[in-house]
Structure formats: structure tokens, C-alpha cells
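Not measured: the values here are computed from a predicted model.
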Amino acid sequence: MFSDPSPFERTLTAEGRTADGTWVPIPLERYFRHTRGATGERAYEYSTIVFESGHLRERQAFAAWLAARMAADGQPIDKVRLVRGWVDLRDGSTGAATSGQYRVDGG
């Protein structure tokens, strides 16, 4: 019934590459407004397709969806980079790793 909370707090950021090669932030918190219960956590921060190995096809589809949203907002992009971060709540140490870069058709 009850489980121990994870000692890690996860985050996900995404960036899109514009036609001139500049990387711009993708506003995930605007595209995913709802949080998990009374917390500030958003569903994508705990998604297995982002944080576990494999799931390449699903991450590519997620990147394509993000590119379509960016294009609809007036910022076409040709590549999406997903970066997962974490904080160890026990000692405050942090880390980050790229979950991949995905070519997209610009929305």
C-alpha cells in the first residue's frame, strides 16, 4: 500500500535547434500544464520512455510532437535534444545526461 519515496528528484528539459543552428529551450511546462497531485511534478519527468533505456521510437515520436508544438508557436526546429537531470535528496548531489537528439521535420 505504501512505498518509500524515491531519494531522487528528476527533471527533464528539452531544446530545439533552429535553422541557423541555435539551440532554444522548449517550454515543456507550458505544453504540460497539469502537475502530479499537489506536487509541482509533471508527468513527463517520471515517464519511463524518457528515463529508461530503449524506447527510441517513443522518444522520436515525443520529439516530433514537441517540434509540431514549437512550429505552431512560430518557432520551427529541425532537431530536439532531451536532457534528463536529477538531484539526490540525501546529499544534494546533481547530475544530467542527454537522452538523445532527434531529427524532426520542422513541424
Between [X] and [Y], which heavy-atom pair has the shortest distance, and what is it?
X   : Y    : value
Q60 : R103 : NE2-O, 2.8 Å
V83 : A96  : CG1-CB, 4.3 Å
Q75 : V24  : CG-CG2, 4.3 Å

Just jot down the side-chain hydrogen bond (donor to acceptor under 3.5 Å, both in side chains) partners of [X], sequence neighbours excluded, or say none.
X   : answer
R57 : none
D20 : T18, T22
T98 : none

Under 4.5 Å side-chain linkage, directly or through intermediates, the cluster mates of V87: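 Members besides V87, by chain and number: L89.
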Separation of S99 OG from F62 CZ (nearest 0.5 Å):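 So the CZ of F62 and the OG of S99 are separated by 10.0 Å.
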Separation of D88 CG from T94 OG1 (nearest 0.5 Å):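 That separation rounds to 10.0 Å.
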My understanding is that only residues two or more places apart in sequence, or in another chain, count here; which of them pass salt bridge (Lys or Arg N to Asp or Glu O under 4.0 Å) with R17?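 Applying salt bridge (Lys or Arg N to Asp or Glu O under 4.0 Å) to R17 gives D78.
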Side chains of residues 67-74: which donor-acceptor pairs under 3.5 Å do they make with residues two or more places apart or in other chains?
from, atom 1, to, atom 2, distance (Å)
D73, OD2, R30, NH2, 2.5
D73, OD2, Y31, OH, 2.7

Using a 4.5 Å cut-off on heavy atoms from C-beta on, say whether the side chain of R59 contacts that of L82.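 Of all side-chain heavy-atom pairs linking R59 with L82, at least one is under 4.5 Å.
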Applying ring pair (Phe, Tyr, Trp, His ring centres under 6.0 Å), can you list everything that pairs with W23, at least two apart in sequence or on another chain?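 Partners of W23 under the ring pair (Phe, Tyr, Trp, His ring centres under 6.0 Å) test: none.
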Could I get the full list of side-chain contact (heavy atoms from CB on, under 4.5 Å) partners for A97, not counting sequence neighbours?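 Scan of A97 (side-chain contact (heavy atoms from CB on, under 4.5 Å), adjacent residues dropped) gives R84, W86.
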According to side-chain contact (heavy atoms from CB on, under 4.5 Å), who are the partners of A63, at least two apart in sequence or on a separate chain?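 For A63 the side-chain contact (heavy atoms from CB on, under 4.5 Å) partners, ignoring immediate neighbours, are V80, Y102, V104.
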